[in-house]
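Notes follow the structure.
All residue numbers refer to positions in the sequence shown, counting from 1.
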Amino acid sequence: MLAFSLPAPTGLAFAAGGTAAPSNSKVKIKTGKVWTMKGPVAGDTLGTTLIHEHVLFGMIPDDLRAASVEFAVKLLNDAARVGVETLVDLSPNRDIQLYQEIASKVPVRIIASTGSYVYSRMPKAIQNMNEDQMYERMLREVTEGIDGTQIRAGIIKVAAGKTPFTEWEQSAFRAAAKVQKKTRTPIATHAIFEPRAQFDLLVKTGADPKRCFFSHIEAEFGWAGRPLEQEAEYLLSIAKEGGYLLFNNFGFEFDTPWTDMVFLLRHLSDKGYANRILTSVDCNWEWKKGKVVFEASEKHPETAKRTYAYMITDAVPAMLKAGFSAKEIQTFLVDHPRRFFSGE
Ligand SMILES: [Zn+2]
């Protein structure tokens, strides 16, 4: 059993049509509304939150739509069972009909995203957009709804590769920053390479650092040769200016050895910036030859264990073992997501 207990899930009350009650907060914290797939909720009711995940990822073959729903529902119910209450989906170009079906069957609140992922994985329609068109689409999806539904995106996702960023990437980042400036919608980025340059571009265009988080910053192949200590300082510079850093390489030794991940988390904490740390799994899987394949699991079969629930069943115990307290871990999974969505 875990020597760690997160707040009891409130999800079932939510699924039954009730208003999700604050899970563990006796003190009401004033926060704005956050748009989930089932409508707006108060920011202080998010509870245990996985802030960078994928309900579905990539192309869903027509003959595997039902199986996709079934598998996603299973993973989300497993997550609910171990205490996950809210999950942020960072697939910004998703099939909203499938998502609706999935969301209706699970107690976990899902926050959908708009925006874009890496260029090569986007459909032509998004690849061909200029900055104004990106802006219009993002704005529409956060203020009106996604693809003709009333489901609004609660977060904007953007992605870039190595510097110098392409024109298309820069357009996406600028469009996201402008939509945030207008609507306060938070931004999550795919930042394997040069998160600092992404941070500067967003902030220069008007984004609020406290409403931006940078993902995959711990993937060592993205460090441009900077050694661990230097990388820790590089990342600290983002935290010092208010940006959030997302760590998700739990059980991903080949990209980030666990000792290095602990070093980075510890470094940020020791320097007084634990409040900029977010943690999640980035669970994503695709169909290959009719079989579910989790990210990297063909080469590294152990990564097939990295479901949403893995955060609680494996990553949390690993952090406890590495010396982080249950209180610290709770801030990563509960308090910081709530603060991020309220811009604190
Ligand atoms: Zn992801």
Working for side chain to side chain contact (heavy atoms under 4.5 Å, CB included), residues H54 and D282: CA-CA 7 Å; H54 300 271; D282 187 23; 2.9 Å; yes
Step by step, would you call Y117 with H190 a side chain to side chain contact (heavy atoms under 4.5 Å, CB included)? CA-CA 7 Å; Y117 184 45; H190 169 92; 3.6 Å; yes
Could you walk me through whether T307 and V281 pass the side chain to side chain contact (heavy atoms under 4.5 Å, CB included) test, one step at a time? CA-CA 7 Å; T307 61; V281 176; over 6 Å; no
Side chain to side chain contact (heavy atoms under 4.5 Å, CB included) between V316 and F324, worked out: CA-CA 9 Å; V316 166; F324 293 94; over 6 Å; no
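In this structure the side chain of D314 never reaches within 4.5 angstrom of the side chain of F250, judged on heavy atoms. With a 4.5 Å cut-off on side-chain heavy atoms, I111 and L46 count as touching. Using a 4.5 Å cut-off on side-chain heavy atoms (C-beta onward), Q198 and E169 make no contact. With contacts defined as side-chain heavy-atom distances shorter than 4.5 Å, the pair L228/L264 qualifies. Side-chain contact check for L278 versus P337: some heavy-atom pair is nearer than 4.5 Å. Counting heavy atoms from C-beta outward, Y99 and V55 have side chains that approach closer than 4.5 Å. Between L333 and L50, some side-chain heavy-atom pair lies under the 4.5 Å cut-off. Contact of the R109 side chain with the T45 side chain is registered, since non-hydrogen atoms from C-beta on lie closer than 4.5 Å.
Donor-acceptor pairing under 3.5 Å is recorded for the side chains of H267 and E233. Donor-acceptor pairing under 3.5 Å is lacking for the side chains of S297 and W285. Residues Q127 and K124 bring a donor and an acceptor atom of their side chains to less than 3.5 Å of each other. Between the side chains of N275 and H336, no donor N or O sits under 3.5 Å from an acceptor N or O.
Summarising the geometry of A188 relative to I155, their closest heavy-atom pair is CB-CD1, 3.9 Å, with the distance given to 0.1 Å. Contact detail for V84 and V108: the closest heavy-atom pair is O-CG2, 3.7 Å. Residues G83 and T48 share a closest heavy-atom pair of O-CB, 3.4 Å. The two residues R338 and G43 make their nearest non-hydrogen contact at CG-O, 3.2 Å. Considering every non-hydrogen atom in both I192 and A219, the closest pair reads CG2-CB, 4.4 Å.
Checked by atom type and distance alone, the side chain of Y234 pairs as donor or acceptor with a backbone atom of R196 at under 3.5 Å. Looking only at distances, no side-chain donor or acceptor of R174 sits under 3.5 Å from a matching main-chain atom of E131. With hydrogens and angles ignored, the 3.5 Å screen pairs no side-chain donor or acceptor of T49 with any backbone N or O of I51.
Interatomic distance, K105 NZ to K74 NZ, rounded to the nearest 0.5 Å: 15.5 Å. One finds the CZ atom of R94 at 11.0 Å from the CD atom of Q100 (value rounded to the nearest 0.5 Å). Residue E218 holds its CD atom at 8.5 Å from CH2 of W223, rounded to the nearest 0.5 Å. To the nearest 0.5 Å, atoms CD (Q170) and OG1 (T205) are separated by 9.0 Å. Atom-to-atom distance recorded for F71:CZ and L64:CG is 12.0 Å, nearest 0.5 angstrom. In this structure, CH2 in W168 is found 7.5 Å from CD1 in I126, a value given to the nearest 0.5 Å.
Ionic pairing of R65 and E101 is not present here: no N-O contact between side-chain nitrogen and carboxylate oxygen is shorter than 4.0 angstrom.
Dense packing is recorded around CZ of R226, with more than 12 heavy atoms of other residues, nucleotides or ligands lying under 6.0 Å away. In this structure, E229 places its CD atom where more than 12 heavy-atom neighbours from other residues, nucleotides or ligands lie under 6.0 Å away.
Each of K157, R140, E141 was checked for a side chain to side chain donor-acceptor pair (under 3.5 Å) with T114, and the lone residue meeting it is E141. When each of S280, S113, S215 is checked for a side chain to side chain donor-acceptor pair (under 3.5 Å) with H52, only S215 meets the rule. Tested against F213 for a ring pair (Phe, Tyr, Trp, His ring centres under 6.0 Å), the candidates F247, Y244, F340, F332 yield a single pass: F340. Among the candidates T331, L245, L265, I329, the single residue satisfying the side-chain contact (heavy atoms from CB on, under 4.5 Å) test with I277 is L265.
Ring planes of F252 and F254: tilted class, angle from 30 to 60°.
Judged by the 6.0 Å distance and 45° axis criteria, K162 is positioned over the aromatic ring of F193.
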